[in-house]
Amino acid sequence: MTQPEQAATAFDDLHTRHAAALMQQAYLLTGRPWLARRAVERGFRLAWQRWPEVAVDPDPAGWVRAAVYEYALTPWHQFCPGLRTARGPRNPSAAGASSAGASDGALAAALLRLPAPYLRALLLHDGVGLGLDATAAEIEASVPATAGRLRHARERIAALLPQLGLDGQPPERQGEILRARLTALPGPPQVPPPVTGDVRSGSERSARRTTRTAFGATWLFALVTLVTIAVTPDHYVPRPQRPQAGVPHSRMPADRQRDAEKRERDADERERRSEVREQRDAAREEGDSAREEGNAAVRKKIRQARLAPEIR
């Protein structure tokens, strides 16, 4: 068996053993069957593209699981109507609970109400069965932070689904109860896992498209560079300078003479108007003086008549 055939066989075996479980986990993370299938398919495609790295990894299944979780919890899925993460009912315990205990649908809805970091830590520790240190390493968080997320997630589940009986139980017993319930949850309905051969062929096609796109972009950049070099002159060509505005030409002597004559006419006109005003003011003053003299003579005669009535 050749080396490519050995790699394909090892990859097919990894996909066969873990694809269904990853589908269930991705479905619990998102609540969307087709989004879960797409996340699993993308995780395995990425693993096949980087198979030399994945093959020597101590935990190839954990490598693929991390890729699946990252894609399933990507925030931009909420902006795509077809990939939008589902939300559970406002009251999961009332919507899906029975007198015997919480149903699978109520538990799945309660999981979707957890924040993404809490849900991921809960699924890895109580669902997959990883230890606290391994869970912290996979989610790239410290052990105390991972323990805090796990504790808060269990408290939230206990508040939403009191029928599970998590309240008052020690952490180990809470983990056992949740592990039994999570492993019993069904996978996405009517959505099978991706086929192994389709995953490998799709990964190879995607790699070829990426390579062609990269080469096409490189050739396009090179073509644009060559065209730019071809149309650019090989020497410096100074830009034509615009004629600068010079000092305005001095006016001709005739213009200066006309201006002087105009100024003289204006001065003569002002003097004439001033003389007219002075003559008018003098005539007004003379008239006022004559009226005052006449009025004074009249008043004098009236006084004289009053003092000498016998003259009449």
Side-chain angles (χ1 to χ4, degrees), residues 1-30 32-77 83 116-117 119-143 145-146 179 182-183 185 187-188 191-218:
M1 184 180 295
T2 62
Q3 186 175 0
E5 292 177 348
Q6 293 177 357
T9 302
F11 176 81
D12 293 347
D13 181 64
L14 177 68
H15 183 274
T16 302
R17 286 187 289 110
H18 298 283
L22 288 177
M23 278 283 293
Q24 181 191 24
Q25 297 169 32
Y27 177 63
L28 294 178
L29 287 173
T30 62
R32 293 285 186 181
W34 287 104
L35 178 56
R37 188 181 191 278
R38 184 170 179 174
V40 173
E41 184 176 3
R42 185 178 178 85
F44 276 103
R45 282 188 178 185
L46 188 62
W48 179 243
Q49 293 175 5
R50 303 180 182 178
W51 183 249
E53 174 188 348
V54 178
V56 298
D57 192 90
D59 185 14
W63 194 100
V64 179
R65 181 175 59 245
V68 172
Y69 279 35
E70 288 293 336
Y71 184 83
L73 296 176
T74 301
W76 58 262
H77 291 321
L83 301 178
L119 177 57
R120 186 172 184 179
L122 183 69
L123 284 182
L124 290 175
H125 189 274
D126 294 343
V128 180
L130 299 182
L132 190 61
D133 294 340
T135 302
E138 184 156 332
I139 65 177
E140 298 180 352
S142 63
V143 175
T146 304
R179 180 169 177 77
L182 291 175
T183 53
L185 289 177
V191 179
V195 182
T196 306
D198 295 342
V199 171
R200 282 192 287 106
S201 60
S203 177
E204 293 170 358
R205 287 194 302 269
S206 177
R208 287 194 297 267
R209 285 196 300 267
T210 303
T211 303
R212 287 196 296 265
T213 302
F215 275 108
T218 303

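All heavy atoms count here, side chains included; hydrogens, waters and symmetry mates do not.
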Undergrad: Angle class for the Trp51/Phe11 ring planes (parallel below 30°, perpendicular above 60°, tilted otherwise)?
TA: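 Correct class here is perpendicular.
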
Undergrad: Tell me every residue that passes salt bridge (charged side-chain N to carboxylate O under 4.0 Å, His left out) with Asp13, counting only those two or more places apart in sequence or in another chain.
TA: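 With sequence neighbours excluded, Asp13 shows a salt bridge (charged side-chain N to carboxylate O under 4.0 Å, His left out) to Arg17, given in chain and number order.
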
Undergrad: Measuring from atom OH of Tyr71 to atom CG of Leu46, what distance do you get when rounded to the nearest 0.5 angstrom?
TA: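 Reported to 0.5 Å precision, the distance equals 12.0 Å.
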
Undergrad: Holding to side chain to side chain contact (heavy atoms under 4.5 Å, CB included), I want the full list of residues that pass it with Arg37, two or more places apart in sequence or in another chain.
TA: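 Result, side chain to side chain contact (heavy atoms under 4.5 Å, CB included) vs Arg37: Met23, Trp34, Glu41, Val191, Pro194.
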
Undergrad: Give the table of side-chain donor-acceptor pairs shorter than 3.5 Å for residues 53-64, with sequence neighbours excluded, one pair per line with atom names and distance.
TA:
residue, atom, partner, partner atom, Å
Asp57, OD2, Asp59, N, 2.8
Asp59, OD1, Gly62, N, 3.2
Asp59, OD2, Gly62, N, 3.4

Undergrad: What's the spacing between Glu70 CD and Leu29 CG if we round to 0.5 Å?
TA: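 If we round to the nearest 0.5 Å, Glu70:CD and Leu29:CG are 10.5 Å apart.
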
Undergrad: For Tyr69, which residues count as a side chain to side chain donor-acceptor pair (under 3.5 Å) partner, sequence neighbours excluded?
TA: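 Result, side chain to side chain donor-acceptor pair (under 3.5 Å) vs Tyr69: Gln25.
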
Undergrad: What distance separates Thr146 OG1 from Leu124 CG, expressed to the nearest 0.5 Å?
TA: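 It is 9.5 Å, given to the nearest 0.5 Å.
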
Undergrad: How far apart are the closest heavy atoms of Ala7 and Trp48, and which atoms are they?
TA: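 Reported closest heavy-atom pair: O-CZ3, 3.6 Å.
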
Undergrad: Which residues pass the side chain to side chain contact (heavy atoms under 4.5 Å, CB included) test with Glu140, sequence neighbours left out?
TA: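 For Glu140, no residue satisfies side chain to side chain contact (heavy atoms under 4.5 Å, CB included) once neighbours in sequence are set aside.
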
Undergrad: Between Ala39 and Val68, which heavy-atom pair has the shortest distance, and what is it?
TA: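 Here Ala39 and Val68 meet closest at O-CG2, 3.6 Å.
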
Undergrad: Would you say Arg50's side chain and Arg45's backbone share a donor-acceptor pair under 3.5 angstrom?
TA: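 Pair absent, no side-chain N/O of Arg50 close to backbone of Arg45.
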
Undergrad: Which pair of heavy atoms, one from Leu182 and one from Leu122, lies closest together, and at what distance?
TA: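 It is CD1-O, 4.4 Å.
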
Undergrad: What's the separation between atom CD in Gln24 and atom OG1 in Thr183, rounded to the nearest 0.5 Å?
TA: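 Interatomic distance, Gln24 CD to Thr183 OG1, rounded to 0.5 Å: 7.5 Å.
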
Undergrad: Compile the donor-acceptor pairs under 3.5 Å between side chains in residues 130-139 and protein atoms, sequence neighbours left out, one pair per line.
TA:
residue, atom, partner, partner atom, Å
Thr135, OG1, Gly131, O, 2.7
Glu138, OE1, Arg65, NH2, 3.0
Glu138, OE2, Arg65, NE, 2.9

